[in-house]
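Have a look at the structure below, then the notes.
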Number of protein chains: 2
Amino acid sequence: MAKEKAQIAELDERKVKILIAVIRNYLETGEPVGSRTISKYTDLKLSSATIRNEMSDLEEMGYIFQPHTSSGRIPTDKGYRFYVDNLMSEKEREIQEKEDLIIEKADKLEEVLKQAAKLLAANTNYTALVSTPETHRNKLKFLQLSKVEKDSLLAVIVVEGNIIKNKMIHTEEEMDEDTILKLNLLLNTHLNGLSLEEINLGLITLLKERAGIHTEIISSVIDAVAEAIRADEDLEIYTSGATNIFRYPELMDSGKATDIINTFENKEELEKIVSTSLAENNAGKSEMQVYIGKEMASPAMQDCSVVTATYELGDGMRGTIGIVGPKRMDYEKAMGTMKSLMNQLDEIYKKK
Amino acid sequence: MAKEKAQIAELDERKVKILIAVIRNYLETGEPVGSRTISKYTDLKLSSATIRNEMSDLEEMGYIFQPHTSSGRIPTDKGYRFYVDNLMSEKEREIQEKEDLIIEKADKLEEVLKQAAKLLAANTNYTALVSTPETHRNKLKFLQLSKVEKDSLLAVIVVEGNIIKNKMIHTEEEMDEDTILKLNLLLNTHLNGLSLEEINLGLITLLKERAGIHTEIISSVIDAVAEAIRADEDLEIYTSGATNIFRYPELMDSGKATDIINTFENKEELEKIVSTSLAENNAGKSEMQVYIGKEMASPAMQDCSVVTATYELGDGMRGTIGIVGPKRMDYEKAMGTMKSLMNQLDEIYKKK
DNA sequence: GATTAGCACTCGATTGAGTTGAGTGCTAAC
DNA sequence: GTTAGCACTCAACTCAATCGAGTGCTAATC
């Protein structure tokens with residue numbers, strides 16, 4: 001969690017260059033990188049010996065470390081953090097419009113999101129994560145009870161953004177059309193236009209009182225409706241490309257890969273990621289977040305990095321998109337692809 | 001695909017005993033099993049040399065083979081087939097009621113199925129697979145169009161078994177309540193009680209004619225409704241415990257594990273399994289099927305076995321449950337657990 | 001004072017020879 | 001038909017030797 005922003009002051013320009021060179025190289029190869037490599041890689045003409053000294057300093061400062069004595073260096077979480085922060089503060093990278101990264105419009109939001117996850121995973125070779133938007137701030141737009149069978153009603157609820165919820169309600173005894181009509185009227189006059197979170201227990205009790213006489217059945221129906229409204233717990237999280245994790249030996253070998261993939265099957269764990277991302281975004285930070293290793297709540301994920309972003313579908317519905325990969329993920333590409341996808345989502349849904 | 005039922009005649013009693021011993025042992029250990037082991041394992045008092053001769057015969061007949069000269073034997077697909085067929089024909093095994101294998105009733109079918117998959121995977125240590133039931137033979141029970149906004153209608157469709165479908169329909173110009181009422185009447189009188197597959201193109205054109213005057217808008221609305229009805233393509237397949245595949249070294253080492261897990265993300269591939277299972281069940285075969293290795297269509301699965309069963313939810317809605325594991329899966333346990341789960345599903349849904 | 005060349009040293013990874021042991025096939029005796 | 005016995009096979013393991021990328025340190029150079 002401790003995202004201490006490294007003060008640039010700590011590092012002179014040369015160290016920065018070397019650090020970045022180390023990281024870039026490691027991102028590409030996945031192998032510890034040695035002084036000789038850097039000596040050639042960078043434009044600053046320095047011998048490996050000099051680089052060695054500088055690297056030694058960088059290690060002391062905690063930006064890089066050696067997996068074992070006498071091997072090259074690899075970045076620490078702090079190193080990655082520095083790199084990522086630097087990246088983000090750079091001029092907004094131009095979004096490369098990839099021709100194969102195009103969401104086809106689909107009828108259902110669900111389909112669009114699944115598709116987005118698939119595209120993201122296929123394009124980055126990491127694992128993609130997309131949550132359905134939360135709707136509890138959205139306003140109720142339409143509510144209707146209909147008799148489907150003698151002893152069951154169907155409640156249909158439409159929320160701003162055209163999210164539709166259904167619930168079959170079993171009634172102890174048959175309700176006549178007239179009562180249903182009145183009930184519909186009652187519910188609509190009182191609830192329409194309210195946001196889902198405003199429809200709370202107090203309001204429900206009030207409604208029941210208004211309903212008057214028939215209390216028993218009616219009150220149970222009202223309860224059922226309330227429950228259906230509240231059931232925005234149906235937050236879904238789609239993943240795609242889980243097995244992409246296998247592409248990265250550093251995760252594969254240590255057996256972490258299995259843990260990670262298991263985490264993708266675990267909704268609670270995923271919710272953690274999604275919700276922290278949403279929260280941070282609420283807190284007014286930049287639209288994309290990067291969590292590196294231990295910065296993440298989930299223990300199985302401590303060998304990963306996650307790039308998240310919050311999308312918003314016009315009507316204030318907000319959800320999270322994420323990319324999970326090894327720490328040495330190609331952050332630029334990940335963020336670029338993400339950005340491009342977000343733009344498309346915006347495009348598709350803004351006009352409503 | 002070639003499920004040649006081994007004629008028992010081919011094998012004398014002793015060979016059968018030895019074969020079964022080999023298989024049982026291999027199922028447990030996962031290691032090739034040698035003659036000495038069998039010599040002790042079985043009740044028939046025979047020296048390892050004799051066993052050796054018999055095993056040599058069994059190999060010639062294609063029931064077992066050696067991964068390399070001078071190692072124990074492991075079963076071939078044919079061997080497993082023999083074993084499984086034998087198992088199935090034995091007296092119906094008593095279903096062990098496991099206390100930790102109990103589905104909690106839930107409101108939505110979806111939740112129940114997801115739960116079933118989870119339980120199945122957790123109990124067997126294999127990967128579970130559950131498809132939502134197909135509904136195209138089910139009858140339309142309720143259909144309603146409502147105006148939600150000036151230029152959009154909501155179609156709500158309820159099918160036998162209380163499957164609910166929704167679709168927002170955008171209308172070019174506003175429709176007045178009266179027209180909607182008539183349209184509802186028209187649709188209901190003509191479609192109610194028909195099975196989804198009976199509602200075909202011909203019927204739709206007929207409807208459009210009946211609708212008369214307003215053709216343009218109305219016909220597009222009718223089309224949209226038809227589309228919503230036909231959209232029973234929303235066959236979902238839930239998986240659980242995908243990573244259980246990693247428990248089995250023979251799959252892990254060869255790198256097949258990744259392919260298999262990838263297959264679990266691929267809906268088309270899963271549909272193959274589900275649909276062949278449904279088809280076979282339709283063909284009146286026993287309620288549970290076992291596919292071993294190459295008997296399966298999916299190439300990535302050729303190192304697995306799959307146990308499938310078809311569940312039926314009272315109203316004729318049928319779906320598939322499956323267990324995917326290594327060929328050396330504990331078939332008895334898998335089938336037992338499956339059976340127990342099916343009974344529960346029956347229990348939960350029969351009373352309607 | 002910063003940079004560099006040079007050198008001894010470290011340590012994981014790779015190689016290959018040698019050993020072990022489970023298991024087989026075959027033959028001859030029971 | 002069954003069994004004991006023996007030679008043979010072959011994957012798996014062990015262990016030492018070697019390799020090589022990379023370091024840290026020192027002394028010379030700019």
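Just so we're clear, the structure is a prediction, and the values are computed from it rather than from any experiment.
- Between A:Y248 and A:Y126, a ring centre-to-centre spacing shorter than 6.0 Å is recorded.
- A:M329 and A:A334 get closest at one heavy-atom pair: SD-CB, 3.9 Å.
- Rounding to the nearest 0.5 Å places CE of A:M55 at 5.0 Å from CZ of A:R73.
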#### Entry: Check against salt bridge (Lys or Arg N to Asp or Glu O under 4.0 Å), A:R328 and A:E28
CA-CA 8 Å; A:R328 64 173 182 97; A:E28 272 176 36; over 6 Å; no
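- Judged purely by distance below 3.5 Å, without hydrogens or angles, the side chains of B:S298 and B:E269 pair a donor atom with an acceptor atom.
- Nearer to the 5' terminus of DNA chain D, by closest-nucleotide assignment, is the contact made by B:R52 (compared with the other of A:G34 and B:R52).
- The nearest whole Å value for the distance from the CD atom in A:E54 to the P atom in C:dG1 is 17 Å.
- The CE atom of A:M55 sits 16 Å away from the P atom of C:dT3 (whole-angstrom rounding).
- No donor-acceptor contact under 3.5 angstrom links the side chains of B:S48 and B:S39, judged on distance only.
- Reading DNA chain D from its 5' end, the first and the last nucleotide to sit under 4.0 Å from a heavy atom of chain B are D:dT2 to D:dA11.
- Atom C1' of nucleotide C:dT3 and atom CD1 of A:I51 are separated by 11 Å, given to the nearest angstrom.
- With sequence neighbours excluded, the residues that form a side chain to side chain donor-acceptor pair (under 3.5 Å) with B:T50 are B:S47.
- Aromatic pair A:Y26/A:Y63: ring centres not closer than 6.0 Å.
- DNA chain C is contacted by A:H68, A:T69, A:S70 of residues 66-74 of chain A, taking any non-hydrogen atom closer than 4.0 Å.
- No engagement by A:S48 is indicated, since no non-hydrogen atom pair under 4.0 Å with the nucleic acid exists.
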